[in-house]
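A short worksheet on the structure shown next.
All values derive from a computational prediction rather than experimental measurement. Every heavy atom of this structure was used, including side-chain atoms; hydrogens, water molecules and symmetry mates were not. Naming: A, B, ... by sequence-line order, numbering from 1 per chain.
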Amino acid sequence: MGKGSKMLEKCGKVGRGRKYYRLAGASNGEGVEQPSDGSIAKLVLESEWAVEVEEALWKGRIEWKAELVNKVLKRLWNHGPKALQFFKHLDRHPTYIHSPSSFHHAIDIAARMHDYNSAWAFFSRMRSLRCGPSPKSFAILAERYASNGKPHRAVRAFLSMHLHGCPQDLHSFNTLLDILCKSHRVDMAHHLFKTLFSRFKPDAVSYNIIANGYCLLKRTPLALQVLKEMVHRGIQPTLVSYNTLLKGYFRSNQIKDAWAFYLEMQKRKCQIDVVTYTTMIHGFGVAGDVKKSRRVFHEMVKEGVVPSVATYNALIQVLCKKDTVENAVLVFEDMVTEGVCLPNLVTYNLVIRGLCHVGDMERALGFMGRMEEHGLRPSVQTYNVVIRYFCDAGEIEKGLDMFGKMGDGSCLPNLDTYNVLISAMFMRKKSEDLVVAGKLLIEMVDRGFLPRKFTFNRVLDGLVITGNQEFAKEILRMQSRCGRIVRRLKL
DNA sequence: ATAGGGTTAG
């Protein structure tokens with residue numbers, strides 16, 4: 001990390017206050033060392049002018065590789081406009097050509113910001129470079145359409161694949177069904193499933209996807225019906241089908257049914273696997289029956305099924321929520337000493353949340369520091385948890401400090417971060433806090449996030465009440481640029 | 001990135 005940032009030199013101000021940047025390559029005797037993805041991301045974030053980025057990126061003797069580009073895009077994930085700026089400039093590079101995976105990141109980022117024009121332009125660009133688009137490209141776009149509340153456009157995009165030289169097969173059909181189900185449009189998915197039945201000949205995967213969709217909606221009778229129909233059509237349910245329904249019972253709080261189903265699975269000699277056990281541990285725990293969770297955990301070990309990280313994470317979450325965080329920490333330490341599987345980012349986030357929840361911020365921060373022992377860095381979710389609990393405890397300054405630590409480098413704030421902080425700015429009833437809230441609102445829009453109407457209105461009200469009329473007007477103008485309905489406001 | 005288990009909003 002350190003090496004990379006040293007190679008990035010900011011060469012002072014030249015001319016009309018314009019900063020020039022140079023990405024220096026440090027010679028180490030064996031050749032030229034490359035700047036890190038972190039230093040490149042930082043350069044893109046700091047430069048204000050497009051030309052600066054272009055010069056630095058092209059003339060910096062950087063040996064571009066798809067892997068490096070993808071890493072940079074991931075670092076800029078929560079600053080969509082900058083990410084696309086970087087991608088588009090590099091697309092004009094004299095020799096470097098973007099890889100399909102980088103195009104996919106760019107499509108994802110553009111579509112997330114509702115910038116479908118750019119997204120589709122990337123499709124055309126891929127086509128003219130003869131490197132796509134592939135079914136995966138369509139899956140990415142369709143998922144964004146669906147999660148942005150435009151499921152019909154997702155379907156249309158997917159069904160137009162063949163016009164772009166992509167095969168339309170059962171594979172891609174299943175992907176579309178899954179996308180619709182995961183965005184809770186199970187009705188639409190099931191309808192499509194029936195309509196295009198003879199064209200695609202659904203398989204076990206298709207049925208499992210629809211069944212899972214109904215489970216997500218807590219409609220287990222319908223899920224069961226789908227699986228029965230599958231049997232009727234001569235397709236055998238798989239272990240995935242059973243695990244899906246088991247999870248569905250827990251989700252809709254049918255604990256007795258879940259238990260009965262589990263016993264039935266054992267009786268029928270299904271090869272119960274680690275997923276089944278993890279589902280049971282999580283399900284019982286969330287329902288408040290920690291004893292049963294532990295019992296299932298031991299039963300699993302007795303049966304010779306090796307717990308995965310997800311199994312440990314399920315247990316740790318359950319202990320945090322329904323038992324004590326101390327016991328959760330004991331399991332964490334067991335993991336580390338026994339080494340069957342090592343804690344991952346999720347594990348850390350669970351323990352940190354657990355500690356925050358009981359008000360032990362000190363220890364939570366301690367775990368945050370320990371993450372690098374396992375080669376991990378705090379994620380944006382880690383920061384969000386800590387910031388949220390600092391703010392909830394009234395320690396707004398500490399929350400803002402933590403936010404500041406994100407700002408100076410490795411982890412850009414996301415929509416949740418801004419929402420948490422903006423809410424916190426109303427707690428102290430201080431005029432200055434509301435100005436900060438306004439600034440955060442502007443910053444988040446700059447970075448490609450679309451605040452909810454509620455957020456706009458709250459900040460506007462706050463600014464008006466504290467007499468910041470001019471600032472309120474500025475935010476109002478920004479709101480209309482965002483396409484959010486402007487509320488009548490007397491100014 | 002064709003399906004099932006583990007962070008997230010009370």
Side-chain angles (χ1 to χ4, degrees), chain A residues 100-101 104-105 107-108 134-144 158 168-182 189 200 202-213 215-216 223 226-227 230 235 237-248 250-251 265 270 272-283 285-286 293 296 300 305 307-321 328 331 335 341 343-354 356-357 376 378-385 388 392 414-417 419-420 423 452:
Chain A
S101 57
H104 287 162
H105 285 317
I107 290 168
D108 203 14
S134 64
K136 189 174 168 176
S137 326
F138 284 91
I140 290 165
L141 184 66
E143 193 187 318
R144 287 300 174 187
F158 219 90
Q168 266 175 328
D169 52 9
L170 182 56
H171 242 252
S172 46
F173 183 57
N174 284 341
T175 305
L176 176 62
L177 294 179
D178 196 42
I179 286 167
L180 292 173
C181 285
K182 298 259 163 73
F200 289 114
D203 61 359
V205 174
S206 328
Y207 281 101
N208 288 343
I209 288 167
I210 303 290
N212 184 51
C215 287
L216 292 175
V226 168
L227 295 179
M230 167 182 186
I235 300 173
T238 62
L239 186 53
V240 174
S241 322
Y242 292 119
N243 286 340
T244 300
L245 194 57
L246 182 66
K247 167 93 178 159
F250 280 117
R251 178 182 277 271
M265 281 172 78
C270 293
I272 288 178
D273 69 354
V274 60
V275 177
T276 318
Y277 284 114
T278 306
T279 306
M280 295 289 287
I281 291 165
H282 187 253
V286 169
S293 288
V296 172
M300 156 181 204
V305 177
S308 67
V309 199
T311 316
Y312 277 102
N313 290 345
L315 187 61
I316 286 174
Q317 188 197 24
V318 156
L319 293 173
C320 285
K321 277 193 173 161
V331 172
M335 268 181 99
C341 48
N344 64 11
L345 191 61
V346 177
T347 323
Y348 270 99
N349 285 345
L350 286 166
V351 172
I352 289 169
R353 172 173 296 107
C356 287
H357 196 74
L376 302 165
S379 64
V380 66
Q381 285 87 353
T382 319
Y383 282 104
N384 288 351
V385 167
R388 180 187 301 269
D392 282 355
N414 68 8
L415 186 65
D416 291 336
T417 321
N419 283 334
V420 167
S423 303
R452 287 172 303 173

Quick one: which of dG6(B), dA1(B), dT2(B) gets closest to the side chain of Asp203(A)? dT2(B)
From the set dG5(B), dA1(B), dA3(B), return the single nucleotide nearest to any side-chain atom of Ala139(A). dA1(B)
Gap between atoms CE and P, on Met230(A) and dA3(B) respectively (whole Å): 15 Å
Using modelled atom types only, decide if a donor and an acceptor are shared between the side chain of Thr278(A) and the backbone of Val274(A) within a distance under 3.5 Å. yes
Using a heavy-atom cut-off of 4.0 Å across all strands, would you classify Val385(A) as base, sugar-phosphate, or nothing? nothing
Take atom CG of Leu176(A) and atom P of dA1(B), then tell me their distance rounded to the nearest Å. 17 Å
Between dG6(B) (C1') and Tyr348(A) (OH): distance, integer Å: 16 Å
Asp416(A) atom CG is separated from dG10(B) atom P, nearest whole Å, by 12 Å
Salt-bridge contact Asp392(A)-Arg388(A) (side-chain N to carboxylate O under 4.0 Å): no
I'd like to know if Thr278(A) reaches the base of dG5(B) with its side chain, counting only an N/O donor and acceptor under 3.5 Å. yes
Report yes if at least one side-chain N or O of His282(A) is closer than 4.0 Å to OP1 or OP2 of dG5(B); otherwise report no. no
Would you classify Leu239(A) as touching base, sugar-phosphate or nothing, given that sugar-phosphate means primed atoms plus P, OP1 and OP2, and contacts are heavy atoms under 4.0 Å? base
Does Asn174(A) use its side chain to pair, donor to acceptor, with the backbone of Leu177(A) at less than 3.5 Å? no
Looking only at dG6(B), dA9(B), dA1(B), the nucleotide nearest the Arg353(A) side chain is dA9(B)
Quick one: which of dA1(B), dG5(B), dA3(B) gets closest to the side chain of Ile140(A)? dA1(B)
Between dA3(B), dG5(B), dT7(B), which nucleotide has the shortest distance from any of its atoms to the side chain of Asn208(A)? dA3(B)
Donor + acceptor pair across side chains of Thr238(A), Ser241(A) (<3.5 Å): yes
Regarding Thr311(A), tell me which of base, sugar-phosphate or nothing describes its non-hydrogen contacts under 4.0 Å with the strands shown. base
Could you tell me how far apart His171(A) (NE2) and dA3(B) (C1') are, to the nearest whole angstrom? 11 Å
Name the nucleic acid region contacted by Ser379(A), choosing base, sugar-phosphate or nothing; use a 4.0 angstrom heavy-atom cut-off, strictly under. nothing
Nearest-Å distance for atom pair CG/C1', residues Leu415(A) and dA9(B): 12 Å
Polar contact flag, side-chain donor to acceptor under 3.5 angstrom, Thr279(A)-Thr276(A): no
Report the residues that fulfil ring-ring contact (aromatic ring centres under 6.0 Å, His included) with Phe173(A), sequence neighbours left out, ordered by chain and then residue number. Phe200(A)
Does dG10(B) have its OP1 or OP2 closer than 4.0 Å to a side-chain nitrogen or oxygen of Lys321(A)? no
Is it the case that dG6(B) (base atoms only) and Asn344(A) (side chain only) share a donor and an acceptor within less than 3.5 Å, ignoring hydrogens and angles? yes
Side chain of Ala314(A) only, please: which of dG6(B), dA3(B), dA9(B) is the nearest? dG6(B)
Which nucleotide in dA9(B), dG5(B), dT8(B) has an atom nearest any side-chain atom of Ser308(A): dG5(B)
Would you say Gln317(A) places a side-chain N or O within less than 4.0 Å of OP1 or OP2 belonging to dG5(B)? no
Can you measure Leu141(A) atom CG to dA1(B) atom P for me and round it to whole angstrom units? 17 Å
Find the distance Phe173(A):CZ to dA3(B):C1' and express it as a whole number of Å. 14 Å
Answer with base, sugar-phosphate or nothing: what part of the nucleic acid does Asn419(A) contact at a heavy-atom distance below 4.0 Å? nothing
Which nucleotide, dA3(B), dG6(B), dA1(B), lies nearest any side-chain atom of Ala310(A)? dG6(B)
